[in-house]
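One-based numbering, in listed order, for ligands and for the atoms of each.
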Amino acid sequence: MGYHPGWKVLLSPIVPLPVPRLAWITRGATWNWDGQHKPFAEAGTDVLSIASLLPGYVSYFVADPVALKELVSSRTRFVKPIEHYGILSHFGGNIIVSEGQEWKKHRTPVQRSFSEHNNRMVWTESINVALGLFKSEEWSGREVVRINHVIDITLPMALFVIGIAGFGRRVSWAEDTVIAPGHQMTFKEAISIVTEHLVQTVLIPRWALRIVPQWRKIGIAFEEANAYMHEMIRLRREAVVKEERHDLFTGLLEATEKDPGAGNERLSDSELIGNIFVFLVAGHETTAHTLAFALGLLAIYQDEQENIYNHIKQTLSDGRLPTYEDMPKLTYPLAVLNETLRLYPPGLTFMKQSVEDTTLPLATPYKGQHEIVVPARTLFNAAIAGLHYNPKYWEDPYAFKPARFLDPNWPRDCFIPFSSGARSCIGRRFFENEAIALLTMIMSRYKVELTPEVRDRWAHLDDIVERREKIINPTVSLTLVPKALPLLFVRR
Ligand code: HEM
Ligand SMILES: *[C@@H]1O[C@H](CO)[C@@H](O)[C@H](O)[C@H]1NC(C)=O
């Protein structure tokens with residue numbers, strides 16, 4: 001590693017273990033969030049080395065935009081080390097845990113299913129989900145609605161949108177009590193349990209889910225979801241009258257039937273299901289938590305909430321519902337979401353590995369060196385938060401200033417919540433449509449406020465960033481999760 005500054009530890013932080021931080025032994029489980037850019041600033045470089053004995057890895061933690069750009073764009077020199085994501089493959093072969101030719105086989109049909117039609121569907125269904133929320137028992141007719149934890153609404157909202165736009169199944173605020181014949185739970189229950197316990201479904205082997213009593217329900221939900229999907233495949237294949245549908249499931253189902261041409265392989269049924277499952281893993285919490293962070297930030301920054309409200313009022317002048325055609329005009333809501341993703345990127349890292357001995361160029365040289373020497377099989381972790389708070393590229397990085405994204409010269413290479421390049425997030429447009437629609441609907445009808453307890457508890461802190469850090473204070477799990485945050489929604 002050429003004595004490049006960094007961390008020397010006994011246990012590699014790349015293996016995600018829920019461990020505390022102990023000097024020379026571990027970096028703790030939150031290393032890819034702690035201090036954001038501060039560890040880099042202290043070391044005087046935007047790339048930190050990580051040397052570990054167990055397992056013995058040579059790895060780098062990268063917050064340098066030039067190095068990151070090279071890592072995501074030079075696909076022959078740097079690949080996705082799928083053995084580090086291996087556990088995600090127990091959903092069946094899928095786009096996330098594949099590389100090379102195998103990845104292309106998934107990416108092409110998956111890309112096709114995230115179509116313009118699907119984007120429109122995500123938009124329309126998100127508006128319906130918001131209307132359903134406002135009409136629900138807890139909300140309708142109330143001037144003030146208190147939510148004990150913001151994710152109590154954002155997780156169901158994201159689930160309902162993926163339910164219909166992803167699986168082609170309508171799940172909603174109303175209880176779905178009919179258990180289909182031959183099943184032990186409803187579709188909604190199965191999918192809710194699987195998504196709520198993604199950490200367990202991802203980390204615990206299937207046989208253990210079956211045996212350990214506390215995990216049995218998760219195991220059953222997982223098998224039930226699987227069974228529902230096999231049924232959906234069968235029903236759609238057998239249907240005499242084929243409905244025109246634009247959900248992701250239908251898009252992928254086509255890829256299992258049609259000859260993909262050009263030497264491409266067809267997707268199998270289990271790969272279809274594998275991909276649909278990983279959409280939940282990759283898309284559900286990330287979307288829900290981003291919305292939760294955005295609502296929390298807007299409750300803290302009331303002036304920003306007025307800005308977004310005024311923008312929405314001007315864009316939808318007669319108070320009408322936003323249409324899909326309005327989406328490109330709703331720039332302020334997108335700027336709020338981008339600024340939220342900059343400050344709280346839900347997927348804190350992604351990995352790459354060098355296939356050959358090579359070098360990596362740097363924007364910020366270290367001791368006069370403009371590149372680092374990289375042996376084959378070196379691992380890299382993107383320091384997404386490190387880059388997003390890097391003061392060389394972001395003015396006043398801790399400030400919440402959505403308008404920075406409205407400046408046409410915002411630093412695009414320094415914003416990578418969705419990764420970048422060929423393997424960047426395929427669900428970005430899905431997310432943007434959903435989140436803009438939901439945020440616009442909520443902001444146009446409600447004012448979001450902190451509860452008096454939360455406000456008073458931190459009122460002694462004069463600095464708004466310090467206050468925000470106490471209030472939002474996320475924990476690190478598979479994604480960045482907002483701390484229990486109660487909010488008030490006050491009818492406008
Ligand atoms: C705020 C929301 C989201 C964030 C921050 C996010 C972030 C990311 C990141 C960082 C990656 C790259 C992972 C890696 O290289 O290891 C990724 C990939 C991916 N995301 Fe997202 N994502 C979001 C929403 C979604 C949604 C809504 C879906 C699906 C409905 C989705 C599906 C995927 C898939 C399938 C991949 C793998 C693409 C490939 O390997 O070719 N994501 N996402
Ligand atoms: C938000 O970020 C995306 C990249 O994720 C970019 O394409 C878009 O232009 C940005 N827009 C605004 C208004 O911030």
Fit a plane to each ring of F61 and F40, take the angle between them on a 0 to 90° scale, and name the class: parallel (under 30°), tilted (30 to 60°) or perpendicular (over 60°). tilted
Only heavy atoms count here, so choose which of K80, R107, K104, E432 is nearest to atom 41 (O) of ligand 1. R107
Mind checking whether H284 contacts ligand 1 via backbone (N, CA, C, O), side chain (CB onward), both or neither, at a 4.0 Å heavy-atom cut-off? neither
Got the closest protein heavy atom to atom 16 (O) of ligand 1, with its distance? Y85 OH, 2.5 Å
In terms of the angle between their ring planes, are Y398 and Y389 parallel, tilted or perpendicular, with boundaries placed at 30° and 60°? tilted
Is there a donor-acceptor contact under 3.5 Å linking the side chains of D46 and N390? yes
What atoms of ligand 1 come within less than 4.0 Å of a heavy atom belonging to F350? 14 (C), 15 (O), 16 (O)
Show the atoms of ligand 1 that are less than 4.0 angstrom away from any heavy atom in W103. 39 (C), 40 (O), 41 (O)
Shell check on atom 21 (Fe) of ligand 1: protein N, O or S atoms less than 2.8 Å away are C425 SG
Between the side chain of S59 and the main-chain N/O of I50, is any donor-acceptor distance below 3.5 Å? yes
Ring centroid separation F222 to F277 under 6.0 Å: yes
Hey, is H106 touching ligand 1 through its side chain, its backbone, both or neither, going by heavy atoms under 4.0 Å? neither
So which heavy atom in the protein is nearest atom 4 (C) of ligand 2, and how far is it from that ligand atom? R428 NH1, 3.8 Å
For atom 13 (C) of ligand 2, what's the nearest protein heavy-atom neighbour? Residue, atom name and distance, please. T331 O, 3.7 Å
Do N338 and ligand 2 have an N or O pair less than 3.5 Å apart? yes
Numbered in order shown, the ligand 1 atoms found under 4.0 Å of a heavy atom of P417 are 5 (C), 7 (C), 10 (C)
Classify the ring geometry between F78 and F380 as parallel (under 30°), tilted (30 to 60°) or perpendicular (over 60°). perpendicular
Salt-bridge present (E339, R404; N to O < 4.0 Å): yes
Salt bridge between E254 and R112, side-chain N to carboxylate O under 4.0 Å? no
Less than 6.0 Å separating the ring centroids of F167 and Y228? no
Looking at non-hydrogen atoms alone, which of F405, W410, F431, F415 comes nearest to atom 5 (O) of ligand 2? F415
Any chance the rings of F279 and F114 have centres within less than 6.0 Å? yes
Do T323 and D326 have side-chain atoms, one donor and one acceptor, less than 3.5 Å apart? yes
Quick check on side chain to side chain donor-acceptor pair (under 3.5 Å): which of E306, R468, K401 does Y301 satisfy it with? R468
Inter-residue atom distance K313.NZ - S444.OG, 0.5 Å rounding: 11.0 Å
For ligand 1, which atoms, with element, lie under 4.0 Å from some heavy atom of T290? 1 (C)
Using heavy-atom distances, let me know which of I96, I82, L291 sits nearest atom 36 (C) of ligand 1. I96
Verify whether the ring centers belonging to F405 and W394 lie closer than 6.0 Å. yes
Which is it for F114 and ligand 1 at heavy atoms under 4.0 Å: side chain, backbone, both or neither? side chain
Give yes or no for whether the N/O distance cutoff of 3.5 Å, strictly under, is met between S424 and ligand 1. no
Just distances here: any N/O of R423 and N/O of ligand 1 closer than 3.5 Å? yes
